[in-house]
Amino acid sequence: MTLVPAAELAARETSRWPGESPEYRAARTALLAEEIELRRHLERVAEQRRALPAGPEVTRDYVFQGENGPVHLADLFAGHDTLVVYTWMFGPERERPCPMCTSLLSAWDGETPDIAQRVGFAVTARSPIDKLKAFKAERGWQHLPLYSDGDQDFSGDYNAIAPDGSDIPQLLVFTRRDGTIRFFWAGEMGSESMDPGQDPRGAPDLMPLWTILDCTPEGRGTDWYPSLTY
């Protein structure tokens, strides 16, 4: 498909704002062209991701402790063909969970009923389930499905434990086709691939918080992170 050049599409937009100067309009239209290119790039990346060949088969029978008892990895699909798992940085060595993970999960709590219409969704952590449930109640989460990976087999196999035993957050996607569970995709952008002056982050960034702040003149900054309390 031949697309209309982004600059041409940007020039077609008619939004104008009270009191804007010609300099502002020219710069904003140039930025709009880049935003259109970004949208297109994101779609190309998503299409390339969807076209990945079959990933490795999951051969272990992982068992988690859920809020209502033990469940197997296969159970987490909840009738869907795809499962999304987030590994929450709340390992047994932590008294309190990672504030960044917690900020992300707080945003996802409200989205969980919508996500669950399309895919299986689970949040795992290595702390005991009672500890996870207590924090869920403290935070007021209503929908997030929490599971304890008490034996840590899943976390260890899927790169959610650092060599020093600390937590690594992961967004993991699995598929189930004809009864066979396979690993499909996970974020692989870490400190080794980060650009100068930036925290390690994936693309697109999963956190709605940063999406909002990236639209502001101050940006996300370099010396502020979410807190568990304010």
Side-chain angles (χ1 to χ4, degrees), residues 6 10 15 17 24 27-50 82-91 94 96-116 118-119 121-125 132 135-136 138-146 155 158-160 162 166-173 184-230:
S15 294
W17 309 105
Y24 177 88
R28 182 64 187 92
T29 300
L31 173 60
L32 178 57
E34 293 297 322
E35 292 169 340
I36 292 169
E37 291 286 10
L38 175 60
R39 181 183 66 196
R40 291 175 172 177
H41 197 134
L42 288 171
E43 181 51 38
R44 289 196 299 271
V45 169
E47 184 177 3
Q48 186 175 351
R49 184 183 297 115
R50 292 192 294 268
T82 300
L83 167 66
V84 177
V85 178
Y86 183 79
T87 64
W88 182 18
M89 296 176 67
F90 197 1
R94 286 178 174 269
R96 304 284 282 169
C98 165
M100 291 277 278
C101 285
T102 301
S103 176
L104 173 62
L105 292 176
S106 292
W108 283 358
D109 181 59
E111 295 282 1
T112 295
D114 297 316
I115 295 170
R118 298 281 294 169
V119 297
F121 183 54
V123 177
T124 68
L132 305 183
F135 188 83
K136 179 178 182 177
E138 174 188 328
R139 197 72 175 185
W141 292 339
Q142 298 295 313
H143 306 293
L144 284 173
L146 303 182
S155 300
Y158 287 95
N159 300 325
S166 60
D167 297 302
I168 299 175
Q170 294 284 2
L171 184 71
L172 305 157
V173 181
F184 173 72
W185 175 89
E188 296 184 4
M189 299 173 68
S191 57
E192 293 84 1
S193 59
M194 63 185 289
D195 289 319
Q198 295 184 353
D199 287 331
R201 65 183 73 165
D205 199 311
L206 298 174
M207 291 191 67
L209 169 68
W210 299 141
T211 301
I212 294 294
L213 294 182
D214 281 345
C215 294
T216 69
E218 296 82 8
R220 60 181 71 189
T222 59
D223 59 355
W224 180 86
Y225 292 96
S227 174
L228 294 178
T229 58
Y230 293 101

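Bear in mind that the values here come from a model prediction, so they are computed numbers and not experimental data. Position 1 is the first residue of the sequence; numbering continues from there.
Between Leu31 atom CG and Ile36 atom CD1 the span is 10.0 Å, to the nearest 0.5 Å. Taken from CD in Glu218 to CH2 in Trp224, the straight-line distance is 12.5 Å, to the nearest 0.5 Å. To the nearest 0.5 angstrom, Thr29 atom OG1 is 12.5 Å from Glu34 atom CD. The structure places OG of Ser103 at 7.0 Å from CZ of Arg139, a figure rounded to the nearest 0.5 Å.
No side-chain heavy atom of Met89 sits less than 4.5 Å from a side-chain heavy atom of Met100. The shortest side-chain heavy-atom distance between Cys101 and Tyr86 falls under the 4.5 Å cut-off. Within the 4.5 Å cutoff, the side chain of Thr102 has heavy atoms near those of the Leu228 side chain. Looking at heavy atoms from C-beta onward, Val84 lies out of side-chain contact with Ile115 at the 4.5 angstrom threshold. Using a 4.5 Å heavy-atom threshold, the side chains of Lys136 and Leu132 count as separate.
His143 approaches Thr112 most closely through the heavy-atom pair O-CG2, 3.4 Å. Listed here is the closest heavy atom pair of Leu104 and Pro208: CD1-CD, 4.2 Å. Pairing each heavy atom of Leu105 with each of Leu144, the nearest pair is O-CD1, 3.4 Å. Minimum heavy-atom separation, Ala6 to Arg40: N-NH1, 3.7 Å. Across all non-hydrogen atoms, the minimal contact from Ala186 to Leu172 is CB-CD2, 3.6 Å.
Taking the six-membered ring where tryptophan is involved, the planes of Phe135 and Phe90 are perpendicular, since the angle between them exceeds 60° and thus also 30°.
Shown here is Arg118, whose CZ atom has no more than 12 heavy atoms of other residues, nucleotides or ligands within 6.0 Å. Taking a 6.0 Å sphere around CD of Gln48, one finds it holds 12 or fewer heavy atoms contributed by other residues, nucleotides or ligands. Heavy atoms from other residues, nucleotides or ligands lying under 6.0 Å from CH2 of Trp17 number 12 at most.
The six-membered or imidazole ring of Trp141 lies near that of Trp88, with a centre-to-centre distance under 6.0 Å.
A distance-only check finds no donor-acceptor pair linking the side chain of Arg220 to the backbone of Leu209 [under 3.5 Å]. The backbone N or O of Asn159 sits less than 3.5 Å from a side-chain atom of Gln170, completing a donor-acceptor pair. Remark: the backbone N or O of Leu213 is paired with a side-chain donor or acceptor of Thr216 at under 3.5 angstrom. Under a 3.5 Å cut-off, the side chain of Thr87 and the backbone N or O of Ile168 do form a donor-acceptor pair.
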Margin query: With salt bridge (Lys or Arg N to Asp or Glu O under 4.0 Å) as the criterion, how do Glu37 and Arg44 come out once you've worked through the C-alpha distance, each side chain's angles and the decisive distance to 0.1 Å?
Written below: CA-CA 10 Å; Glu37 291 286 10; Arg44 289 196 299 271; 5.0 Å; no
